[in-house]
Amino acid sequence: PVLVERAEARTTNQNDSSGLLLALLTHPDIASKEAVIRRYDPEVQSATVVKPLTGRWDDGPSDAAVLKPLETAGWRGLALACGINPQYGKLDPYSMAVSAVDEAIRNAVAVGADPNRIALLDNFCWGNPNRPERLGELVRAAQGCYDAAMAYGAPFISGKDSLNNEYLGPDGHPRSIPGTLLISSLGIVPDVRHCVTLDLKAPGDLLYILGETRAELGGSHARLIQGTEGGTPPGLPPAGPATVRALAQAIQAGLVRACHDCSEGGLAVAAAEMAIAGGYGLALDLERIPRAPEAASPDVLLFSESNGRFVVEVRPENAGTFESLLATLPCRRVGTVLEAPTVEMTFAGKAMVQAELEALRAAWYAA
């Protein structure tokens, strides 16, 4: 209870980055889903290789689940993942669609799926398509699905829709749910023995950021918590397809110890989740992050939700080989795993985020 009170006290000051991170960790979209996940059985027929919850205490948020069908020979498995963020749809349904596809693919690749063997399914939840504005939004989302699928070479094999989700309000005017798109991905894992989870593994290991951070705070959870509207939502990253393919090679080569995608809450939340799941601290130098010229401020680097990005943990002895695989792509070494249970993120020598791991963990469970 003391830790929860401390976390809640810190969230009242959202003007500093540490307080905003704690507030993000308590948001229902980001906070622990363990209470829900434990109601279901992830061990059906004992085929689960990577569970929905993982890490030192089996409570970290897996990027995807991996199954190994018991009836099949060899070590191939199946990765199941998804991507969703209806906040982007309020600004641009096209951005929501490309982001959902990008996230679903990244989540599958993060655990070891082959990006050349991923299939997609769509699930549209929408208002009345006979209304011009709803139909226009639906068309924009469909265009985003097409562009993202073509960019990644991932086919849509099925899907469903739930339309006409509207009702009459007390004023007699129709109200529509926010147009929402869920993308599910199914990928082949070539060898489940090389599967990767998000939890930090050992002090002294090196941390890399893959993918370019851009000034894309529109629809972000940081803006949502701060009550700020507008801005540019995330788009399709030009280097995204090449990045996931190079990362998949590194995972299958045994070079990656931990991997986590950056999505809701941006880099700050992704790094905090890796620390929470692993029980180790970390130190990041934000100035070293691959970024677009306009993404120069610490807040953008911490909380932008640009697509195509991962945080990756690598042993020091494997750094050279790993860096050579990603040499032509946006990839930089930005920090290390710490024995001390603290999360530190600095910019120009100044601590932008400095938090105890137990406080982050308490906030993540306090929602």
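Along the sequence shown, residues carry numbers from 1.
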Exercise for the section: Could you pull out all residues at least two apart from D171 that satisfy side-chain hydrogen bond (donor to acceptor under 3.5 Å, both in side chains)? Expected result: R175
Fill in the blank from the handout: By side-chain hydrogen bond (donor to acceptor under 3.5 Å, both in side chains), D92 pairs with (sequence neighbours left out) R140
Heavy-atom side-chain contact between [X] and [Y] under 4.5 Å:
| X | Y | value |
| --- | --- | --- |
| N128 | P174 | no |
| L210 | P330 | no |
| Y152 | I118 | no |
| D199 | T54 | yes |
| I84 | L182 | yes |
| V311 | C262 | yes |
| F347 | L302 | no |
| L24 | I225 | yes |

How would you list all residue pairs meeting side chain to side chain donor-acceptor pair (under 3.5 Å) that involve [range], not counting sequence neighbours?
| range | value |
| --- | --- |
| residues 249-258 | D205-R257 |
| residues 309-324 | Y208-E323, T213-R309, E323-R333 |
| residues 272-289 | R56-Y280, H260-E273 |

Handout entry: N/O donor-acceptor pair under 3.5 Å between K160 side chain and L121 backbone
Key = no
Handout entry: Side-chain donor or acceptor of W57 paired with backbone N/O of A277 under 3.5 Å
Key = no
Please name all residues satisfying salt bridge (Lys or Arg N to Asp or Glu O under 4.0 Å) with [X], sequence neighbours left out, ordered by chain then number.
| X | answer |
| --- | --- |
| E216 | R214 |
| E103 | none |
| K90 | none |
| K51 | E43 |

Handout entry: Which atom of A222 lies closest to which atom of F303, heavy atoms considered
Key = CB-CB, 3.8 Å
Problem - Short N-O contact, R361 and E358, less than 4.0 angstrom - result: no
Practice task
Establish, from distance only, whether the side-chain atoms of S99 and N85 form a donor-acceptor pair under 3.5 Å.
Solution key: no
Exercise for the section: Could you verify whether a donor N or O on one side chain and an acceptor N or O on the other, from D299 and S297, lie under 3.5 Å apart? Expected result: no
Fill in the blank from the handout: Joining Ile, Leu, Val, Met, Phe, Trp and Tyr whenever any side-chain heavy atoms lie under 4.5 Å apart, the cluster holding L224 also takes in none
Between side-chain atoms of residues 227-239 and protein atoms elsewhere (two or more places apart, or another chain), which donor-acceptor pairs fall under 3.5 Å?
none

Exercise for the section: Check the surroundings of atom CZ in F156: do more than 12 heavy atoms from other residues, nucleotides or ligands lie under 6.0 Å from it? Expected result: yes
Problem - Atom CZ of R332 with >12 non-hydrogen neighbours under 6.0 angstrom - result: yes
Exercise for the section: Nearest 0.5 Å please: distance from the CG atom of D16 over to the CD atom of Q354. Expected result: 11.5 Å
Problem - Rounded distance (nearest 0.5 Å) linking atom OG of S32 with atom CG of L25 - result: 11.0 Å
Practice task
Flag yes if L267 and L200 sit in one hydrophobic cluster, no otherwise; membership is Ile, Leu, Val, Met, Phe, Trp, Tyr, and two members link when side-chain heavy atoms are under 4.5 Å apart.
Solution key: yes
Handout entry: Hydrophobic cluster membership, I183 vs F124, 4.5 Å side-chain cutoff
Key = yes
Problem - All pairs passing ring-ring contact (aromatic ring centres under 6.0 Å, His included) where residues 169-195 contributes a residue, at least two apart - result: none
